[in-house]
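Only one structure is covered here, and it is reproduced in the block below.
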Amino acid sequence: MSSDSQSRHQILEENVVFHVHEVTKVYQMGEVQVRALRGVDIDLHRGEFTVLLGASGSGKSTLLNILGGLDIPTEGHVFYGERDLTRATERELTEYRRFHVGFVFQFYNLIPSLTARENVAVVTEIAKSPMKPEDALKLVGLESRLDHFPAQLSGGEQQRVAIARAIAKNPDVLLCDEPTGALDSKTGIVVLQALQRVNQALGTTTVVITHNAGIAQMADRVIHLTDGLISKVYKNETRLRPDELNW
Amino acid sequence: MKAIDIKLWRELWAMRMQALAIAMVIVGGVSIFIMSLSTLDSLFETRENYYRNHHFADVFASLKRAPLSLVKRIQEIPGVDKVETRVLAYVNLDVEDFKDPVSGHLLSLNANSAGLLNQIYLRKGRLLEAGRDNEVLLSEEFARAHDLQPGDKLAATINGRRKVLNVVGHVLSPEYIYQIAPGAMFPDYYRYGVLWMARKPLASAYDMDGAFNNVTLTLSKEGNEQDVIDRLDELLKPYGGIGAYARKDQLSNRFLTEELKQQKTIATIFPMIFLGVAAFLLNVVASRLISLQREQIAGLKAFGYSNFAVGLHYTKLILMITAIGVIAGIGFGIWMGKGMSNIYMTFYSLPFMIYVLKAEVIIAAVLISMGVAMVGTLYAVSSAARLPPAQAMRPEPPAMYHTTLIEKLGLQRFFSQPTRMIFRHIERRPLKSLMTILGISMACGTMMVGGFQEGAIKHMVEVQFGMSQRSDLTAIFTEPTSQRSLYSLQSLRGVEHVEGFRVVTAKLQFEHRSYRTSVQGIAPNGRLMRLLDTRLQVIDLPPNGIILTDYLAEILHIKVGDMLTIEVLEGNRPVVQVPVVGLAKEYLGLNGYMQLNSLNRLLNEGHVISAAWLKVDRLHQVNIYAELKGAPRIAGVVEQESAIKSFYETMDETILFFTYITTLLGGSIAFGVIYNSMRIALSERNRELASLRVLGFHRSEVAYILLGEMAVLTLIAIPLGIMIGYGLCAYLAFQFDSDLYRIPLVLGLKVYAFAALVVISSSVISVLMIWRNLAHLDMVAVLKTKE
């Protein structure tokens with residue numbers, strides 16, 4: 001109990017959005033147990049642009065999924081503000097994702113039967129104080145592609161629609177899982193520029209997962225994960241613009 | 001075993017539940033196909049065999065009285081093989097503890113013999129013994145209805161004299177497979193029976209010693225049926241012959257033929273619907289199965305397998321699943337076919353059942369199922385194999401969608417994004433959506449066929465016995481009698497109203513077409529028998545001319561105003577011409593109606609009647625029966641109401657069974673189509689729906705998209721299904737029309753509602769099952785995988 005009250009105290013003291021406390025995650029894969037996270041402690045701050053860096057299998061996606069309310073840790077606690085996500089019901093987690101989190105995925109996960117505008121609207125229609133879908137798409141430079149279906153858009157454009165969809169609800173946090181993973185470097189830069197613009201313009205707390213170390217140079221803070229543990233955390237003295245990044 | 005074949009077996013094992021689901025669809029289609037067709041073949045084969053082994057006659061004739069010496073001349077007619085004469089009488093029966101009037105046919109039979117022709121089949125007890133004048137054999141159904149066992153007694157009024165008869169056995173006869181009283185609508189085993197007794201006592205009671213009043217014969221191989229009938233008619237004319245007829249016109253055989261014809265129609269339609277739906281489902285499921293293996297196909301091709309080898313591999317997989325379904329379906333179909341045949345054996349009073357399974361039925365079932373499976377598989381495999389391997393291994397590009405027609409009309413703003421998704425998804429695969437709708441409609445239509453028969457028969461009974469024939473009793477005189485007899489009937493305590501009528505057998509002819517039936521002379525403005533026109537309005541019977549049943553006019557191609565030739569087959573057999581003055585709606589039998597006086601005039605007789613309709617007070621009904629049973633000049637009494645009631649009882653059971661079967665069929669089609677469609681939609685849209693869950697959609701909101709689509713399809717399918725059902729019923733009614741009866745196309749609201757209800761229930765059950773699957777959408781996995 002003392003650790004719980006201590007954690008809350010910490011949240012109030014500092015400008016902490018997420019407080020991750022001794023989180024472990026064990027998957028049962030057939031007959032093998034996989035320990036994806038082995039006791040992770042980290043705080044994420046409001047407005048911060050964080051990059052989670054690690055090799056594949058390091059546990060970074062597991063951590064992001066737990067932060068996003070898509071998965072529940074085996075042990076430990078994750079606080080979003082004052083709310084303990086590890087104790088939330090399925091319904092509460094859905095509400096959490098609905099009103100507070102914006103997701104961007106490696107494979108875009110757009111709805112193929114909806115146009116760009118409608119893919120954004122599908123989220124704004126259920127949000128509390130969203131921006132207009134057109135404004136969100138303008139923010140990612142797609143104001144001229146509003147009525148195109150996903151099949152009529154390039155990969156980079158699809159990913160930017162996904163970003164517009166994620167930010168249109170004015171989320172408190174933006175969680176991006178390998179957002180440039182399926183894109184070439186040129187398109188990737190356009191997508192990262194969109195993310196940075198959102199972070200700076202709206203002050204949205206942003207977490208980006210990548211295995212591409214170059215991208216880390218645009219972050220406020222970089223967290224290295226190795227084999228389910230945080231191996232290194234550092235702040236960038238100077239942040240690079242996406243077009244200055246070294247891929 | 002080659003590695004690729006090991007893959008085949010492993011995958012088959014891994015997808016065993018899915019494979020089983022596909023196999024079940026095939027089992028349903030194949031087993032119904034096999035069951036229906038084999039049952040039908042069995043019925044036809046059994047009937048043929050029964051007729052052959054029991055020497056069922058080819059030609060039948062009744063007459064007033066002819067000496068046995070005439071047999072020699074009948075035998076000499078070219079084309080005649082065997083001849084048997086009989087004494088046949090229509091009698092009143094008296095069964096202990098059964099108050100209602102019972103009538104029956106009494107046939108003469110030699111001692112220790114099953115007869116020469118129309119041989120009886122002894123089910124219980126023994127044949128008649130020589131010298132025992134009061135022994136009688138009963139038709140099995142009648143004996144069972146009254147629980148009359150060998151050793152029991154019953155009484156018969158034989159030509160006005162009451163005689164107590166000893167039951168010695170139960171028999172079946174090829175002549176009475178369908179045991180129905182003359183003029184009745186349905187079999188009533190309580191109130192009509194067939195009995196066989198020794199010739200001597202029967203003949204002496206009817207003054208037939210050394211004579212006969214009924215003859216049946218078989219034809220030799222070269223015998224010409226019509227020729228024999230014509231010569232026999234010529235021969236019997238002086239002896240009061242009322243016209244010989246062929247086996248195809250024999251009552252029991254006619255009814256059986258009509259029923260078998262109906263069975264054939266149903267046995268063709270239902271399996272076709274079922275197999276058609278199974279084919280569609282198989283196609284959809286097989287295509288999906290292959291498209292899920294897209295990457296594996298690319299992999300195999302990358303290793304150097306040819307398109308043909310890949311195609312063969314998947315064809316084998318699908319054929320193996322199909323084979324499981326076909327084999328189980330054949331086995332199950334045979335089992336159901338045998339069970340069904342046995343039900344029919346009892347239903348039609350057949351002594352045995354020869355189960356026939358034709359090779360071509362099995363071959364057809366195998367070929368149709370395999371063919372359909374192959375088409376679905378090859379199409380999916382070829383579209384997967386056509387892609388270069390590298391491209392196939394990349395994620396599939398987003399499916400192409402368009403804004404739908406409804407949205408282009410400007411209705412878009414009324415739709416939320418999930419609603420738009422529903423419409424666009426339906427429109428993207430129009431053929432598949434259409435087939436799904438059609439499948440559900442077929443289920444709806446199938447169910448209506450079940451309800452249709454009940455409503456139609458109720459309507460028939462209501463019109464025939466509620467609006468047209470409104471008497472409680474019909475008393476038939478032993479021979480035409482003076483109208484004065486009505487007074488004695490009227491004087492019976494409890495008789496409220498009596499109307500006499502005259503019936504004669506006649507051949508009605510127009511141009512080259514003719515039909516043998518009866519002409520009834522009835523009182524104009526009678527209360528107990530009213531003719532109805534096609535709009536069910538009461539017709540006034542004009543003093544001159546004849547009114548025909550509408551269907552009879554169709555058969556004769558005669559219209560109102562034409563002159564009809566009537567050849568009376570009784571008495572001095574006048575041939576006259578009368579104008580047709582109207583048509584009457586009748587669902588049962590075909591008749592001509594004239595005013596009683598004008599028929600009397602035509603027959604050149606006085607005021608004569610041959611039967612009477614009675615309206616009686618219910619309180620005195622039992623006494624009236626007793627009086628009539630004892631009356632010497634009354635050959636038989638037919639009671640309407642209890643006959644209808646007992647018919648309803650038997651019908652309720654049959655209808656319940658039939659409704660149960662069609663509900664099961666329709667329900668399983670609906671469930672099969674809806675559940676499978678949703679399972680596939682779930683598999684295809686798993687990623688999309690999981691993404692929405694990630695974006696914060698609740699399970700119910702995600703369900704709306706998936707289930708909403710199904711709901712739209714189901715809602716379109718129900719009205720379409722109602723139209724299909726109406727069409728099916730109309731087709732059946734049309735197919736079932738015959739001179740015996742016409743089935744009206746009457747569909748009550750209940751029929752529509754029930755069909756829709758079963759379809760909706762099937763959807764709800766499917767939805768509940770899918771709801772569980774929606775709980776297990778893997779949000780994490782879907783973000784990591786490509787498709």
Side-chain angles (χ1 to χ4, degrees), chain A residues 27 56 61-62 64-66 68-72 90-91 93-115 117-127 133 147-155 158 162 165-166 168-169 171 175 177-178 181-182, chain B residues 394-404 407-408 412-413 415-429 681 684-706 708-709 774-787:
Chain A
Y27 289 111
S56 98
S61 286
T62 306
L64 192 85
N65 289 338
I66 290 172
L70 296 175
D71 210 345
I72 297 161
E90 205 237 68
R91 188 168 184 86
L93 283 180
T94 303
E95 302 267 314
Y96 163 65
R97 293 196 301 271
R98 187 171 190 146
F99 301 123
H100 303 286
V101 188
F103 278 104
V104 177
F105 315 109
Q106 182 178 1
F107 300 110
Y108 335 132
N109 291 57
L110 295 182
I111 310 297
S113 57
L114 298 179
T115 61
R117 188 206 311 258
E118 291 163 344
N119 258 289
V120 179
V122 81
V123 165
T124 57
E125 278 174 0
I126 60 167
D147 293 320
H148 289 67
F149 283 95
Q152 298 166 314
L153 298 170
S154 72
Q158 288 186 50
R165 180 175 67 178
K169 69 168 86 158
L175 303 177
D177 192 349
E178 299 276 10
Chain B
R394 272 202 297 274
E396 233 179 307
M400 191 59 216
Y401 283 87
H402 301 280
T403 40
T404 54
E407 293 173 275
K408 283 179 189 145
Q412 194 168 13
R413 59 209 149 93
F415 300 144
S416 69
Q417 308 312 321
T419 307
R420 291 180 199 189
M421 288 171 71
I422 292 172
F423 284 118
R424 289 179 193 169
H425 200 258
I426 291 173
E427 210 188 68
R428 192 172 83 89
R429 311 262 290 274
E684 283 173 346
R685 309 178 71 182
N686 181 40
R687 178 183 169 77
E688 192 175 309
L689 300 177
S691 303
L692 287 171
R693 287 285 281 140
V694 171
L695 293 176
F697 275 68
H698 289 295
R699 194 187 346 168
S700 54
E701 289 167 327
V702 168
Y704 168 73
I705 295 167
L706 192 65
E709 180 181 332
L774 277 176
H776 303 128
L777 278 181
D778 192 341
M779 290 183 273
V780 175
V782 81
L783 303 179
K784 278 289 158 198
T785 51
K786 289 177 278 185
E787 164 72 337

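Chain letters run A, B, ... following the sequence lines, proteins first and then strands; every chain starts at 1.
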**Prompt:** chain B heavy atoms under 4.5 Å from L114(A): which part of the residue, side chain, backbone, both or neither?
**Reply:**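 Answer is both: backbone and side chain atoms of L114(A) are under 4.5 Å from chain B.
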Interchain contact, R165(A) with chain B, by part (heavy-atom threshold 4.5 Å):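 For R165(A), the contact with chain B is made by the side chain alone.
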At a 4.5 Å cut-off on heavy atoms, which part of [X] comes close to chain A: side chain, backbone, both, or neither?
{"X": "F697(B)", "result": "both"}
{"X": "R428(B)", "result": "neither"}
{"X": "L689(B)", "result": "neither"}

Counting heavy-atom pairs under 4.5 angstrom with chain A, the leader among R699(B), R420(B), H425(B) is R420(B)
- Message: What verdict does the side chain to side chain donor-acceptor pair (under 3.5 Å) test give for E95(A) and H100(A), after you've listed the backbone C-alpha separation in whole Å, the side-chain angles of each residue and the deciding distance to 0.1 Å?
- Response: CA-CA 8 Å; E95(A) 302 267 314; H100(A) 303 286; over 6 Å; no
_As an exercise: rank A151(A), A166(A), S113(A), G69(A) by heavy-atom pairs under 4.5 Å with chain B and give me the winner._
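With the most close heavy-atom pairs to chain B, the winner is S113(A).
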Distance col, row I72(A):CD1 vs E90(A):CD, nearest 0.5 angstrom, shows 9.0 Å
Query raised in the report: Relative to the ring of H402(B), is the ring of F149(A) parallel (under 30°), tilted (30 to 60°) or perpendicular (over 60°)?
Result: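 Geometry flag for H402(B) against F149(A): perpendicular rings.
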Taken in chain and number order and not counting sequence neighbours, the residues that satisfy salt bridge (charged side-chain N to carboxylate O under 4.0 Å, His left out) with R98(A) are E701(B)
- For E125(A), salt bridge (charged side-chain N to carboxylate O under 4.0 Å, His left out) partners two or more places apart: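 So E125(A) forms no salt bridge (charged side-chain N to carboxylate O under 4.0 Å, His left out) with any residue.
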Shortest non-hydrogen pair, I705(B) vs R685(B), comes out as CG2-NH2, 3.7 Å
